[in-house]
Number of protein chains: 2
Amino acid sequence: MTRMERANEDLTAKARIRDAALRLFAEQGFEATTIRGVASAAGVSSGLVRHHFGSKEALRDACDVHALDHAMAIKEEAILAGGLADSTFMAAVYPSILLMQRYLARSLVDGSPSAAALFDRMVDLAEQWAQDGRLPTRPDDPRAFAAALVAMQTGLLMLHDQVSRALGADVLDASGHIRLGRAILDIYTHPLLTDDQAAQARAAYDQLQARAPFSSAPSAPAAAGTVTKGPRP
Amino acid sequence: MTRMERANEDLTAKARIRDAALRLFAEQGFEATTIRGVASAAGVSSGLVRHHFGSKEALRDACDVHALDHAMAIKEEAILAGGLADSTFMAAVYPSILLMQRYLARSLVDGSPSAAALFDRMVDLAEQWAQDGRLPTRPDDPRAFAAALVAMQTGLLMLHDQVSRALGADVLDASGHIRLGRAILDIYTHPLLTDDQAAQARAAYDQLQARAPFSSAPSAPAAAGTVTKGPRP
DNA sequence: CAGTCGACTACACATCCGTATAGTCAAATC
DNA sequence: GATTTGACTATACGGATGTGTAGTCGACTG
């Protein structure tokens, strides 16, 4: 049982404040979250938030540290205690993992240095994994591959509301999560282009590379607007 | 030449305000962008912002409409004029496409109804594309597949700053963009798991599905924390 | 018991915000 | 020329924000 799982009344006010802030920052973002809002959610006065954390920025720092520590602590407990096979442990811990991840993902948009450092760390690890020969096909540029993969996975978390709405089911609960997980598995295990198409796309990139600045089709990393043509980035 | 590409001094103050707002909303988010900030960026008084748009929310609405209209107008001009093959056209238009996309992507986090509607539309189109038999392997759940794909691509755009930093190159300029595009192509065309691993993952989802609520490994849509194990969602 | 310390509340303050409003000026119209 | 209209500035206002501060209360220590 980590500290996070204790009933709210077992926590010090400081911890309650930090947890409330973490949740509100994750849900609303840093700017839209007010000190008075955090205080109210924690059931204390705004003066106490000031007493314990000094400033809004320092409160964010504390949340950053906690989110990172917590992610690491869960990982260690899972390894030391064989927790990954203990369904009671995982069922209890999963919601807090999710909140930490959502907080860190939101913080990437809100401009938190700690979240940025974590992103870089994730890319480092994914790059190593891509280089270790564990993939069926080793990528030409493991670094870019890793960065893209981490960003794509993070995007799923950041846009969980949108995905849930589009599916008509909450992807943060069990069945929605399984459904989304299967879809992600399909995306990562089935080629989205035929070999011919892929070869053509690579040739097109070769051509673009050989030219001067920007002289043809944008093929932006598709978001709104281009994905209708398929994953032609 | 669309209106967006005219020199700034050719635009009415109203258009300059709207464009400044669109850019600041995309860069900073809705909450952190102030009316006075928009006015200053547009070179007008805050009273004029009020005069033309009435309220901050209405300004956002106008930006939403403009971003969507603009995305559609570019698409139509490209089709009618054969613009996709005209490198001068694309070179001129690409920056504004990018800004619109960044605005719409940021708006998904900030809670704009128009951006949400566009996301849904993109998912609809991607779902249709997935169902039309154009993929080498047709997904079991085209809807979830489409939603995941759109969210992943959108995430790349939202996190372009982070990706650029991780790669040490700006992914919004030509060479960085090509580099990232190749990596994305690799992710989408090479399976990230062996057939055995994929089958095991699918069996695990079957098991989870057959159980009660949440009784085992989280396999959250990975973001910070789990991608180190590979794309085990 | 008195003093100290930490947790906590209540309130104040300066600044900033979105919104409101009065006034100016130039161009167009009658 | 007089009037109207739209573009525009300057300023004000009420409310919200982050930050600051004084005071209370209970637990602990010497």
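Chain naming here is simple, since letters A, B, ... match the order of the sequence lines and numbering starts at 1 in each.
- As judged by a 4.0 angstrom heavy-atom cut-off over every strand, S45(A) is placed among the base-contacting residues.
- Summarising the geometry, atom OH belonging to Y188(B) is positioned 6.5 Å from atom CD1 belonging to I187(A); distances are rounded to the nearest 0.5 Å.
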- Query: Given the rule in the side-chain contact (heavy atoms from CB on, under 4.5 Å) test, do L104(B) and T154(B) qualify, once you have shown the distances and angles that lead to the verdict?
  - Reply: CA-CA 9 Å; L104(B) 292 168; T154(B) 306; over 6 Å; no
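- A cation-pi geometry, defined here as NZ or CZ lying under 6.0 Å from the six-membered ring centre and within 45° of its normal, does not hold between R23(A) and Y103(A).
- The pair D120(B)-R165(A) meets the salt-bridge criterion, with a side-chain N (NZ, NE, NH1 or NH2) lying under 4.0 Å from an Asp/Glu carboxylate O.
- Contacts between residues 53-64 of chain A and DNA chain D, counted as heavy-atom distances below 4.0 Å, involve S55(A), K56(A).
- Between K14(B) and D19(B), none of the side-chain N atoms (NZ, or NE/NH1/NH2) sits under 4.0 Å from a carboxylate O, so this pair counts as no salt bridge.
- Looking at the side chain of R36(B), the nearest of the listed nucleotides dT19(C), dT9(C), dC8(D) is dT19(C).
- Nearest to the side-chain atoms of V44(B) among the listed nucleotides dT19(D), dG18(C), dT9(D) stands dT9(D).
- Using a cut-off of 4.0 Å between Lys/Arg side-chain N and Asp/Glu carboxylate O, D141(A) and R179(B) are scored as salt-bridged.
- The listed nucleotides are dT19(D), dC8(D), dC8(C); the one nearest the side chain of H51(A) is dC8(C).
- Residue H52(B) places at least one side-chain N or O closer than 4.0 Å to OP1 or OP2 of dC8(D).
- Under a cutoff of 6.0 Å and an axis angle of 45°, R106(A) and F25(A) do not form a cation-pi pair.
- In this structure, Q153(A) CD and L156(A) CG are separated by 5.5 Å, a value rounded to the nearest 0.5 Å.
- Of all the residues in residues 23-32 of chain A, not one reaches under 4.0 Å from DNA chain D with any non-hydrogen atom.
- Nucleotide dT9(D) holds its P atom 6 Å from the CG atom of L48(B), rounded to whole Å.
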